[in-house]
J.: 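Mind looking over this structure? Questions follow.
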Amino acid sequence: MGTTRWLAIGWIGVAFAGCGAGAPAAAVLQAPPPVTLGLQVGPTFAGRFVTFDVQGATPGATVRIYGGPRSSVGAACPTELDGVCLDVVPGVPVVQGVASAAGTVSLRKLLPRVYAGPVAFQAGQVLPDTTGVSPVRLRSVGALYADADGDGLLDADEVLVHGTDPNAADGDGDGAWDPTELELGMDPANPDEDGDGILDGDDYDPFAAGPFDSFTPDDVAASLPSDSMPDPEFHGGTERGVWQDQDGAQVWVFDINHFTGRFDPRDGRGELVTLDVTPMRPSKNGPEWGDSIEGPEVLYVRDDGPDTVLWHARQVGGSWFNQEIPGHIVGLRPQGHRSPDVLRPYVTVRLEDEDQARRGWVDSSDPTSLTWLPDPLRGNDGHRWVLDPNPYIVGVSRIPPGTVGFLWDAENETVEEVVHNRDWKTRPRSWLADDFGGDRAYTILESRESTIYTDVVTYRRTVTGWVEVSRVRPPPALPVVEAIEILRHGGHSYAAIIAVSPDPPLGTGAAGVFLISVDPSHPLFRRVDDGSPIDRGDTEAYTGGDRPWVYYTELHPSDRRIVHRCETGL
């Protein structure tokens, strides 16, 4: 799993050598001109195989598969995205085997390591008869990159590496995906990892035995249940939240109780920041927090004639002062940098034009600093500031032949590619992870086929580049991940996610809130909501003092929104 590359198909030679007297002499059969096959391959090939199915050979003959020639024979291929190559030695077979009594043979070649560059094999062609035997058809050539059960594990890996069932995504029937159990160090053949009588998929903590697994869900309404509070944003440094009244277009700030995690006041209307902001639906977002050495500020947008322009508010002496960000900056969805040590109050901005959305950033105290991300990053998704002093923007962009996840250095105006493959991606997050010795981590939602996201994937920056460290899926009953936030506590990093069933009708309650570790060496997979049949969305992670909580929004068909607080057990 991980970075997907596409295998370019070159040519192949096949030779047959008889096993007994009178057998035809060995000769190399030159294949027809190259064709291209859509074979997907991963970033490393340990445990990955390419297969060659041959029919029409002389029974008992030795079938040898040759690769090459190519310009890079005998040397490492140049690094590029669009292909891989085998470590081919001229005149030495890539793989060989003996044909059966029916004249067929299936040969598999282990790909031990990655090479980049175009190379490989011919399929579906009749090879000429130059050895005195019948013409031979190379019936099919393909990597065992099939995934019959759709669980994200390649069939070859399931059989040859993991010992799991390639036709069952949940081999032991415990409600947890096989790949998730493997990532977390669990036994995918054991339905009750901790032996407490609770199936792993239903277990709030499958690693801790006990009637309640040392964790009792505590899922309570943090906001006023009779009111509606859409999309609040939390500020851990001041233990406050900000939100926008959906009806009155007013921005409010409230306190978060240090001990209970509930809101004070419960209706969220503590301090009025401003009036007459752009309603949430046209603005596509409510107010957001930003930080710099000047202190926290609230960012929002306000209509000015035909334009929607950026505003900010700061609290001085107990009063809120609002002003337009200098330069009359037209845009939507402002988000501020959240590190208090940053010298400049950076703000991202989205501008929608006729072609696509453009994204950029501005120093809210310097109108001349407005800068737009360059093509092809202009239409990126999920832009937000990285949570540390470095002014990076994290984002996703569709760049053929796939989707790239990136970090953009706002001060040096340089891009760092984290992952680029054909998987769909959204909602990237990045931070400096204590789990990985302070290395930067990057977590993102991915899907191999569509914008229905199924995988929570974490990458780690190393001295040699970015590597995938974990890929986790929610339980099969709730296979789609709709929201993600990172929670850091006790030197470890977790992803708080909302998982749902595909296209659930509103009111069915087919949604759950899960806390999962992004570091396989510190496993955790825990459902933190109470399991009641309500619809859930918009997860948030927050730590008040030493207590980490996960919040979500209860969704009502009437469009009412109630914010819930869940204990994590950490």
Side-chain angles (χ1 to χ4, degrees), residues 223 227-235 240-254 267-291 296-315 319-338 345-367 369-373 378-385 393 395 427 483 537-538 540 553 555 558-561 563:
S223 65
D227 208 342
S228 182
M229 181 184 286
D231 193 26
E233 300 294 337
F234 304 145
H235 190 275
R240 292 186 297 177
V242 64
W243 68 292
Q244 179 176 329
D245 188 312
Q246 193 168 357
D247 300 321
Q250 301 170 334
V251 174
W252 299 89
V253 166
F254 58 89
D267 66 359
R269 294 174 174 84
E271 300 172 14
L272 180 62
V273 176
T274 188
L275 302 167
D276 301 324
V277 297
T278 302
M280 288 188 64
R281 283 191 174 87
S283 70
K284 301 185 178 179
N285 199 40
E288 297 273 354
W289 290 102
D291 275 299
E297 63 179 5
V298 173
L299 302 153
Y300 57 94
V301 294
R302 179 176 288 177
D303 291 340
D304 186 351
D307 297 329
T308 301
V309 297
L310 272 59
W311 281 64
H312 60 162
R314 287 200 177 132
Q315 192 172 29
S319 299
W320 287 93
F321 292 88
N322 296 266
Q323 64 180 18
E324 179 182 322
I325 293 179
H328 194 77
I329 299 172
V330 178
L332 297 170
R333 305 191 70 164
Q335 290 183 326
H337 200 285
R338 298 294 298 276
Y346 285 95
V347 179
T348 58
V349 60
R350 172 188 174 110
L351 179 66
E352 295 186 349
D353 55 27
E354 294 181 357
D355 296 328
Q356 59 185 335
R358 300 177 64 197
R359 302 183 190 273
W361 72 96
V362 65
D363 177 341
S364 64
S365 63
D366 179 7
S369 64
L370 179 62
T371 306
W372 298 105
L373 269 68
R378 66 192 305 260
N380 74 84
D381 173 54
H383 76 301
R384 60 171 51 205
W385 293 104
I393 293 175
R427 307 211 177 197
D538 190 30
E540 294 283 349
T553 300
L555 310 175
S558 64
D559 207 29
R560 187 159 51 96
R561 302 291 186 260
V563 182

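None of the values given here were measured: they were computed from a predicted structure.
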J.: Not counting sequence neighbours, which residues clear side-chain hydrogen bond (donor to acceptor under 3.5 Å, both in side chains) with Ser228? List them please.
T.: none
J.: Test side-chain contact (heavy atoms from CB on, under 4.5 Å) on Arg359 and Ile393; report intermediate values, then the result.
T.: CA-CA 10 Å; Arg359 302 183 190 273; Ile393 293 175; over 6 Å; no
J.: Output yes when a side-chain donor or acceptor of Gln244 lies under 3.5 Å from a complementary backbone atom of Thr278, and no otherwise.
T.: yes
J.: With the side chain counted from C-beta on, respond yes when Val242 and His235 share a heavy-atom pair under 4.5 Å apart, and no when they do not.
T.: no
J.: Could you tell me which non-hydrogen atom of Trp289 sits nearest to which non-hydrogen atom of Arg338, and how far apart they are?
T.: O-CD, 3.4 Å
J.: Classify the ring geometry between His337 and Trp385 as parallel (under 30°), tilted (30 to 60°) or perpendicular (over 60°).
T.: tilted
J.: Going through the checks in order, is the side-chain contact (heavy atoms from CB on, under 4.5 Å) test met by Asn322 and Val273?
T.: CA-CA 8 Å; Asn322 296 266; Val273 176; 3.9 Å; yes
J.: Please find the pair of heavy atoms, one from Gly268 and one from Trp243, that lie closest to each other, and give the distance.
T.: O-NE1, 2.9 Å
J.: Which residue, Asp363, Val362, Ile325, forms the side-chain contact (heavy atoms from CB on, under 4.5 Å) with Leu370?
T.: Val362
J.: Would you say the side-chain atoms of Ser223 pair up with the backbone N or O of Val563, donor to acceptor, closer than 3.5 Å?
T.: yes
J.: Evaluate the side-chain contact (heavy atoms from CB on, under 4.5 Å) criterion for residues Glu297 and Leu299: first the C-alpha distance (whole Å), next the side-chain angles of each, then the deciding distance (0.1 Å), finally the verdict.
T.: CA-CA 6 Å; Glu297 63 179 5; Leu299 302 153; 3.6 Å; yes
J.: Rounded at 0.5 Å granularity, tell me how far CH2 in Trp361 sits from CD1 in Ile329.
T.: 12.5 Å
J.: Please find the pair of heavy atoms, one from Ser364 and one from Val347, that lie closest to each other, and give the distance.
T.: CB-CG2, 4.0 Å
J.: Might you point out which heavy atoms bring Val251 and Val298 nearest each other, and give the distance in Å?
T.: CG1-CG1, 4.2 Å
J.: Glu540 and Phe234: which non-hydrogen atoms are nearest, and at how many Å?
T.: CB-CE1, 3.8 Å
J.: Under a 4.0 Å threshold between the charged nitrogen and the carboxylate oxygen, would Asp245 count as salt-bridged to Arg269?
T.: yes
J.: Step by step, would you call Glu288 with Arg333 a side-chain contact (heavy atoms from CB on, under 4.5 Å)?
T.: CA-CA 8 Å; Glu288 297 273 354; Arg333 305 191 70 164; over 6 Å; no
J.: Specify the closest pair of heavy atoms between Gly331 and Val301, including all atoms of both residues, with the distance to one decimal.
T.: O-CG1, 3.7 Å
J.: Quick check against the 3.5 Å criterion: does Thr348 have a side-chain atom that pairs as donor or acceptor with the backbone of Gln335?
T.: yes
